[in-house]
Amino acid sequence: MERLRIADQPDVRNVEVDADHPRVGSAQKYPWPSSPTQTESTQQPQSFPKSDTRKLEHFEPGLTTEENTKLVACLGKLTNWLAGQACQKIPVPEDVRTLVEKLPGSKELFGQGKPLLFLDRLADLGAVTVDFREKYIVMSPSSQEEKRKDFFDYLFRKGMRAVLNFAKMLYEDKKLLDVIKIVEHISNRGYIPAENVTARTDKPGGSPESSTAPTAVVVKKGHYKGGSRIYEMSSNPRGYVLIINNEKFHEGTPYTERRGTALDGDNLKALFVQIGFKIYEGQQFRDQTKKEMEVLVQRFASDKRHAHVHASVVCVLSHGKENGRIAGVDGQHITDVEIERNFTASSAPGLAGKPKLFFFVACRGNLWDNGLTVVKDAHGNIVAPATTFPLARGMAVHTDGGVESDAVSGGDLLVMSSNCDEQRTPAQDPRKIPDFTDFLSVYATIPGHISYRNTQEGTFFVKEFVNLVSEEACWNDLLMMITEVNNRLNDITYKGETQTCYTVTRLRKALFLNPGYNISPEA
């Protein structure tokens, strides 16, 4: 998946910060990617009948009541996806390919006389070209199965929109259970972002808030990474993910609506589901008060299912202030430490010894980071404006290319004695797991500073994090990926200001997420 580099995009969009800051709500501009160009192959399809999209006004006799209800929901999603732009450049993941090829309806389509009919219909929908239809008819492979394989290879190369049109054709051919399987699978895996597949019309006058198609979240799969210095990460599911996403705050609080955060939540959900995690209670918890956040975090931390998985994830997206304070929609605050205390080895024994990941996407103060303009010489060394900084004791001083010392003089030298009042050996005490070990806390910004959020594309941090992890989780360690996220985040400047994410790690081992390993396509 190609990563969108912000600096290369000429367009601009609105930007806000997640703090009760004077700039909040003002028109900020940021160079964000514009909508992809509509092409002939992505023409707007005809919608399904109204009765098929939201409520059960008709009953398919071959299905149970539950299956009919699922079909109605799936047809609604399918209509919205095809009417939008988000799916037009999404590649088809391997698990979707496997599922579609094995469906009974997919095999029946190659029965006597049917290929011509379904090729005509797919050509009408734009899923295949007329040229391919003609070539397919005259080609004579060694077997019918080989011809079927050639067709699906072509269909999948056309991308996710072609698969959705194939599902629409299956619906017209009354392969209803197959339609349910395809749509539910794509929806559960989060391959098509849910919030921006159609233009939102919640602004006064019904004008669309955003027509920008977000970058598709497709996580690459890799081989399992394990060993004595690597956390075990092979359970199915990997673990459970709690997402708290506060967008609309109560009147009378100092906080404004966090526009764009819905897309952040959807992308985080899609990312972790494709890696192999499950979303706690199958939903994001939106617009929570302080008390509701406290109760929710406690309930999640005490869930007995943690004993059977290898990790846990907590994502909190909201406004924030100094000292780790995170705002509920009622304007009251819970702190990052109060959240983490619920997950200590003593408080959550089912997670003892397992990595516990926290992502706090919120401002941590009102300061900006203006950075320092630098120039690099021919050798890549940074040449900065002449600035004198106080030199701390013990800091290495470079003179004429050499190093004088990295130690302080005798009077200030701290010597650790090897003799202790009480000496202990590992054999004297049973093995213990410290309460606050195996934690990784990642903040969108450094203490005291603001976190930027694009009102149509989400926060700078989440966008870069999802892009990077989707690409590299198949081979890279999580801490190394977060380091690169910070590097990419530093490349982004907004009105001369920069942002730096902040990581606090108490992990004991390397952490590879192993996306796709030991995860059933139907999971």
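Between His306 and Tyr240, the ring-plane angle classifies as perpendicular under the 30° and 60° cut-offs. By the 30° and 60° cut-offs, the orientation of the rings of Phe300 relative to Tyr280 is perpendicular. Relative orientation of the Phe360 and Phe358 rings is parallel, given thresholds of 30° and 60° on the angle between their planes. The aromatic rings of Phe249 and His319 are tilted relative to each other, their planes meeting at an angle between 30° and 60°. Relative orientation of the Phe359 and Phe465 rings is tilted, given thresholds of 30° and 60° on the angle between their planes.
A donor-acceptor pair shorter than 3.5 Å cannot be found between the side chains of Ser347 and Asn342. No side-chain donor-acceptor contact under 3.5 Å links Lys356 and Ser312. Looking at Asn467 and Glu464, their side chains never bring a donor and an acceptor atom within 3.5 Å of each other. Checking Tyr191 against Asp95 by side-chain atom types alone, a donor-acceptor pair falls below 3.5 Å. Side chain to side chain, Asp178 and Tyr171 fail the donor-acceptor criterion of an N or O pair below 3.5 Å. Looking at Ser441 and Glu340, their side chains do bring a donor and an acceptor atom within 3.5 Å of each other.
Once rounded to the nearest 0.5 Å, the distance linking CD1 of Ile230 with CG of Asp477 reads 8.0 Å. Note that the CE atom of Met233 and the NZ atom of Lys509 stand 10.5 Å from one another [nearest 0.5 Å]. In this structure, CG in Leu71 is found 8.5 Å from CG in Leu177, a value given to the nearest 0.5 Å. Within the model, atoms CD of Glu484 and CG of Leu489 stand 11.0 Å from one another, a figure rounded to the nearest 0.5 Å. Annotation: the span from Ser470 atom OG to Ile275 atom CD1 amounts to 7.5 Å, rounded to 0.5 Å.
Side-chain contact between Thr500 and Thr445: absent, with no pair of heavy atoms (C-beta onward) separated by less than 4.5 Å. The shortest distance between side-chain heavy atoms of Leu176 and Glu67 does not fall below 4.5 Å. Between Gln274 and Pro515, the closest side-chain pair of non-hydrogen atoms is not below 4.5 Å. At least one side-chain heavy atom of Leu479 sits under 4.5 Å from a side-chain heavy atom of Leu440. Taking the side chain as every heavy atom from C-beta outward, Asn323 and Thr335 never approach each other to under 4.5 Å.
Residue Tyr502 qualifies as open at atom OH: its count of foreign heavy atoms under 6.0 Å is 12 or below. Within a 6.0 Å sphere centred on CD of Gln283, other residues, nucleotides and ligands contribute more than 12 heavy atoms. The environment of CZ in Arg97 is crowded: more than 12 heavy-atom neighbours from other residues, nucleotides or ligands sit within 6.0 Å.
Formation of a donor-acceptor pair under 3.5 Å by the Gln499 side chain with backbone atoms of Ala444 is found in this model. Judged by distance alone, the side chain of Gln288 and the main-chain N or O of Arg286 form a donor-acceptor pair under 3.5 Å. Side-chain atoms of Arg161 come within 3.5 Å of backbone N or O of Leu82 as a donor-acceptor pair.
Considering all non-hydrogen atoms of both residues, Leu513 and Ala473 come closest at CD1-CB, 4.5 Å. The minimum heavy-atom distance between Val469 and Met481, with the atom names listed, is CA-SD, 4.0 Å.
The pair Lys220-Glu471 meets the salt-bridge criterion, since a charged nitrogen lies less than 4.0 angstrom from a carboxylate oxygen. Looking at Arg299 and Glu281, a side-chain N of the basic residue comes within less than 4.0 Å of a carboxylate O on the acidic one, giving a salt bridge. Note on Arg506 versus Asp438: no salt bridge recorded, every NZ/NE/NH1/NH2 to OD/OE distance being 4.0 Å or above.
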Derivation of the salt bridge (Lys or Arg N to Asp or Glu O under 4.0 Å) call for Glu322 and Arg325: CA-CA 6 Å; Glu322 299 90 344; Arg325 290 178 292 172; 3.5 Å; yes

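The only member of Asp266, Asp264, Thr261 that meets side-chain hydrogen bond (donor to acceptor under 3.5 Å, both in side chains) when paired with Gln284 is Asp266.
Because its NZ or CZ atom is not both nearer than 6.0 Å to the ring centre of Phe460 and within 45° of the ring axis, Arg453 does not count as a cation-pi partner of that residue.
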